[in-house]
Amino acid sequence: MAFRLYNTLTKQKENFEPVTPGKVGIYLCGPTVYKESHIGHVIGPVIFDALKKYLTYKGYQVKFVVNITDVDDKIINEAKRLGVPMKDLAEKLTAAYFDALDQLGVNSIDEFPRATEYIPKMIELIQRLAEKDAAYATETGDVYFDVTKCSNYGKLSHRKSDDQLEGSRELAGGGKRNAADFALWKAAGADEVGWDSPWSRGRPGWHIECSVMSMALLGETYDIHGGGMDLIFPHHENEIAQSETATCKPYVKYWLHNGLTRIQTKVAGGEWKNEKMSKSLGNIRPISELLEAYPPAVIRYFLLSTHYRRPIDFSDQALTDAQKGMMNIYRLLDRVNRLNGEDVYRYPCDVNSLTELAHTDEDHALREVLTAGQLKFLETLDDDFNTAGALAALHDLATAVNRYIDRRQLETKPDSDARTLALQAGRMITTLGRILGVFTEPLKSADSDDELTEKLMALLIDLRAQVRKDKNFALADAIRDKLTALGIALEDRPEGTIWVKM
RNA sequence: GGCGGCAUAGCCAAGUGGCCUAAGGCGACGGUUUGCAAAACCGUUAUUCGUGGGUUCAAAUCCCACUGCCGCCUCCA
């Protein structure tokens, strides 16, 4: 089956065919760094990081760019409020953003261009527009894009600008030819950061940096541009207008928009409702807070467990449930590791060995389930990158492997080939998971255990084994119950007792 | 006021014309296993997909109306 993606531009799923065969360029709108990043800022990176990994798996050579908007009115105002230079504020917040991405396993982004590094190129683009009379300067030194010079303005958001303007928009700035015209360049106040330009000492408008940086790094026509649904209008609409008017070429082939993160907010009257998380609504949950409360792998899994175009509601309940579900697979992976004294994460599944190792009917049945699961996983992703469906396929596989280990009683009967088959089956799960950046390594808990804890737990388990041997079950159970109260679960398994933190 | 999206079990969530008497997860309830647990496995938990019409041999999936929620039109990932 061909890989299909939903394109906001055409409002339908389309077969994916890159502009240049074999190569894919992806640009994702990154943060404006004026306040700490919240959960909504990482959903795009996680989704598109997974998408790049999938495209790479499919054999494409992918270049993935995420911008950092480090000059903007909001940053200037926030820096003023804090009494720090704009640059320092932007750098500090950018570093925090990078740290969050790193923790979430977002490691496939090739370039993070910063707006301040592309000012000359922005001025160039504005000049190109001015030559075509699509950009005009006002008396105050601001420069606007004239939307009437773009014949298909509104093609992405599917709205006609005339319909929108009835009493809704203030003509901020003044001097505009049309109400829908947007700023390409803004004159700076005396005490504000600014760059010299033919029109005024000033700074770029909001949309220009994405057009310039994406085209500089990916070409004037590239494959995929992503962002949150809230960016469709005006941001992406304006990007298209200014880019295509300047180049007379199609700007982007596939526009992908992810659903917004919602969170419960208490509204006037004391009721709760789910609404978009955004800085201006004041209901943000910083990503740093979340990364302390949950293992980053859980957040990544949670974000991928809903189709990317749907809004996703964040709550502790939802994250806890996701973690529990995810643990099922981690437990299975631990189980095959114990069985083989091997690392299931380290090597990919050796598909040929599945056939070589299969002897009994049970073995062959497992092999068939694995093949079917792999197919389901990949086919599901091919249909508009349905990560939720793909993760379901991994759960099916985990259940099948658990069942296999149970039926073949591998924990009590040493059957080397069967155990290896179970290991390879586990590796099928990690191999597929790796395509989305999940189940790539053992789950790290928020607080790691030190060596002393390990030794003390070994000691307790040893003592408890002794009293169990003596049939002193009351004492053995007391030890277990008290550990449970401390958040530690003991599991008496055929090969011995293991402990896990709950 | 204009434009758009969504509505699937107790909860989360796939599926968007026939393989659906609808994946997967959480929760719940039985059973196997266990000294007892935990974990794992097996089984049960939506004849039905917001409501009402319509199209079709066939609809959760298409069309119309209605209701509710969300988003955009001003900064937003």
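Each chain gets a letter, A, B and so on, in the order the sequences are listed, and its residues count up from 1.
Contact annotation: A/S157 does not reach the phosphate of B/rC73 (side-chain N/O to OP1 or OP2, under 4.0 Å). In terms of phosphate contacts, A/R310 brings a side-chain nitrogen or oxygen within less than 4.0 Å of OP1 or OP2 of B/rA7. At B/rA77, one or more side-chain N or O atoms of A/H41 fall inside 4.0 Å of OP1 or OP2 (strictly under the cut-off).
Here the side chain of A/R335 is nearest to one of B/rA40, B/rG15, B/rC72, namely B/rA40. For A/A388, the side-chain atoms get nearest to B/rA13 when compared with the rest of B/rC70, B/rA13, B/rG5. With distances taken from any side-chain atom of A/R403 to the nucleotides B/rC41, B/rC72, B/rA14, the minimum falls on B/rC41. Distances from the side chain of A/T399 to the nucleotides B/rG27, B/rG25, B/rG4 place B/rG25 closest. Distances from the side chain of A/K13 to the nucleotides B/rA39, B/rC73, B/rU16 place B/rU16 closest. For A/A392, the listed nucleotide lying nearest its side chain is B/rA23; candidates were B/rA23, B/rU8, B/rA77. Candidate nucleotides B/rA40, B/rG24, B/rC72 were compared by shortest atom distance to the side chain of A/K276, and B/rC72 ranks first. Nearest nucleotide to the side chain of A/C29, out of B/rU16, B/rA77, B/rG27: B/rA77. Across B/rA77, B/rC75, B/rA39, the shortest atom-to-atom separation from the side chain of A/D230 is found for B/rA77. The A/E275 side chain lies nearest to B/rG71 when the options are B/rC75, B/rG71, B/rG4.
Of the candidates A/N238, A/T148, A/N178, A/Y153 forms a side chain to side chain donor-acceptor pair (under 3.5 Å) with just one, namely A/N238.
Shown here are the ring-ring contact (aromatic ring centres under 6.0 Å, His included) partners of A/F439, two or more places apart in sequence or in another chain: A/Y330.
Within the cation-pi definition used here (under 6.0 Å to the ring centroid, within 45° of the axis), A/K74 qualifies as a partner of A/Y34.
Here, B/rC12 and B/rG53 have their C1' atoms 32 Å apart, quoted to the whole Å. B/rU55 sits 43 Å from B/rU74 when the C1' atoms are compared, rounded to a whole Å. A gap of 9 Å separates the C1' atoms of B/rA60 and B/rC20, to the nearest Å. For the P atoms, the distance linking B/rG24 with B/rG43 amounts to 11 Å, nearest Å.
Counting non-hydrogen atoms under 4.0 angstrom, A/D396 reaches the backbone sugars and phosphates but no base. Nucleic acid contact class of A/L231 (heavy atoms, under 4.0 Å, all strands): sugar-phosphate only. Among the protein residues, A/T320 comes within range of no part of the nucleic acid, since none of its heavy atoms lies under 4.0 Å from any strand. The residue A/N328 sits close only to the backbone: its heavy atoms come under 4.0 Å of sugar-phosphate atoms, none of a base.
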When you compare the protein's N or O atoms with those of nucleotides 34-36 of chain B, which come within less than 3.5 Å of each other, and at what distance?
residue	atom	partner	partner atom	Å
B/rG35	N7	A/R468	NH2	3.4
B/rG35	O6	A/R468	NE	3.0
B/rG35	N1	A/D477	OD1	2.9
B/rG35	N2	A/D477	OD1	3.4
B/rG35	N2	A/D477	OD2	2.5
B/rC36	O2	A/R480	NH2	2.4
B/rC36	N3	A/R480	NH1	2.9
B/rC36	N3	A/R480	NH2	3.2
B/rC36	N4	A/D492	OD2	3.4

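For A/Y6 and A/F385, the gap between ring centers reaches or exceeds 6.0 Å. Taking the ring centroids of A/F64 and A/Y27, they lie at or beyond the 6.0 Å cut-off.
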Q: Kindly determine whether A/E209 and A/R114 satisfy side-chain contact (heavy atoms from CB on, under 4.5 Å), including the steps that lead there.
A: CA-CA 9 Å; A/E209 86 278 22; A/R114 282 148 167 94; over 6 Å; no

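Counting only Watson-Crick and G-U wobble pairs whose two distances sit under 3.5 Å, RNA chain B takes part in these stems of three or more pairs: B:1-7 with B:67-73, B:10-12 with B:24-26, B:27-32 with B:40-45, B:50-54 with B:62-66.
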